[in-house]
Number of protein chains: 2
Amino acid sequence: MDPQDPAKAFELSAFTPYLLNLAAETQGEAFSRIYRERYGMLRTEWRVLFHLGRYGALSARDISSRARIHKTKVSRAVEALSRKRFLTREVSEEDRRVEILSLTPAGYRAFTDLSGAAREFEAGLAARLGAEDLALLRRILDRLASA
Amino acid sequence: MDPQDPAKAFELSAFTPYLLNLAAETQGEAFSRIYRERYGMLRTEWRVLFHLGRYGALSARDISSRARIHKTKVSRAVEALSRKRFLTREVSEEDRRVEILSLTPAGYRAFTDLSGAAREFEAGLAARLGAEDLALLRRILDRLASA
DNA sequence: GGATGATAGTTACTTTTGTAACTAACAAGG
DNA sequence: CCTTGTTAGTTACAAAAGTAACTATCATCC
């Protein structure tokens, strides 16, 4: 089949979902190198670690709803972080189905380290794009993420 | 461990790679419903189909480099599209390692249909975000995708 | 024209993710 | 209390993606 008439041709490189995906992959890969190489973590593990470091003890369900991560992914990330001795689990007194997750000192150190790395990463983006464009980008992404 | 001092706390919701990923997932999921439900395609298949529809006959290698998709993913997508009778493969005369891929009429119809759907999708985004913000978004994403 | 190295594409193997079913615990109504 | 329905979390199974090794072909250069 011959290519489509260029006049009415649709450009994939101007299709926003495609661009979003490319940008997310490129940037996500760049940052993932850090937590992967330093702590052998996967993305979901980094996010779970982050939520516990940022907000204190939470249940898996809390993390799942706050971070918009499916509960099976959370379950596996918790298991992995627990094996790494980055968090401890304790059955809740009020509801024995619930496990309260807390970072260990080692987990908290990893959190602090990675938070710093994330801040630097973000500063690098600000330097590249300019603070205004970056702020605008985040504002738009935030709208796109919710719909 | 207690949560970090809020004053110096790092917000994941203001971390660009995270926002990029959320937005890409949300929007990608919304559009993928279309090619998944209409043609049972995966994302890589849609991209391969698109490249063949847009640019005419190409080799798997061409698609791989143009679309930035790893060759094993292209190989599997080509296999799937071939099973669906959306493309044909023909060994090149000049180089018998190369297969020239071309859309069948059915493949081309799917391409035309999905291109239209993509255009509509993009128009919906323009309506939601405003044409200027969308254009700016695409410009920024383009820069982020390349580094 | 045979050895060496590169390239196109596939296959095998492993890791990760998605989906569904499951267990255990709770809650509420009769 | 005992049924019915719901929720927290895990596990089992299937689909998808990543990595590495492989086959076949080509190109070069001695």
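Note on naming: letters A, B, ... go to the chains in the order of the sequence lines (proteins, then strands), and numbering restarts at 1 for each one. Source: prediction; values computed, not measured.
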Without decimals, in angstroms, what is the distance between Glu45(A) CD and dT16(C) C1'? 11 Å

Near-strand residues of residues 19-34 of chain B, defined as heavy-atom separation under 4.0 angstrom from DNA chain C: none

For Ile63(A) and dG9(D), what is the distance between atoms CD1 and P respectively, to the nearest whole Å? 9 Å

Output yes when a side-chain donor or acceptor of Ser64(A) lies under 3.5 Å from a complementary backbone atom of Ile69(A), and no otherwise. yes

Of residues 65-91 of chain B, the positions that come close to DNA chain C - non-hydrogen atoms, cut-off under 4.0 Å: Lys71(B), Thr72(B), Ser75(B), Arg76(B), Arg89(B)

Just checking, Arg66(A) and Tyr55(A): is the charged tip under 6.0 Å from the six-membered ring centre and within 45° of the axis? yes

Closest heavy-atom contact between Ala67(B) and His51(B)? CB-NE2, 3.3 Å

Picking from dA25(C), dT10(D), dA17(D), which would you name as closest to the side chain of Arg96(A)? dA25(C)

Given the rule in the side-chain contact (heavy atoms from CB on, under 4.5 Å) test, do Leu136(A) and Leu136(B) qualify, once you have shown the distances and angles that lead to the verdict? CA-CA 9 Å; Leu136(A) 181 58; Leu136(B) 181 58; 2.7 Å; yes

Leu42(B) CG to dT17(C) P: how many Å, rounded? 17 Å

Provide, to the nearest angstrom, the distance between the CD atom belonging to Glu93(A) and the P atom belonging to dA25(C). 15 Å

Apply the side chain to side chain contact (heavy atoms under 4.5 Å, CB included) test between Leu144(A) and each candidate in Leu22(B), Leu137(B), Thr26(B); give the one that qualifies. Leu137(B)

May I ask you to check whether Ser92(A) and Asp95(A) show a side-chain donor-acceptor distance below 3.5 Å? no

Calculate the interatomic distance between Arg36(A) atom CZ and dT15(C) atom C1'; express it in whole Å. 13 Å

Send over the distance from Arg97(B) CZ to dT7(C) C1', rounded to a whole Å. 5 Å

State plainly whether the residues Glu79(B) and Arg89(B) are in salt-bridge range, i.e. N to O under 4.0 Å. yes

Donor on one side chain, acceptor on other, Glu122(B) and Thr16(A), under 3.5 Å: yes

Specify the separation, in whole Å, of atom CG of Asp95(B) and atom P of dT28(D). 12 Å

Other residues, nucleotides and ligands only: do more than 12 of their heavy atoms fall within 6.0 Å of CZ on Arg128(A)? yes

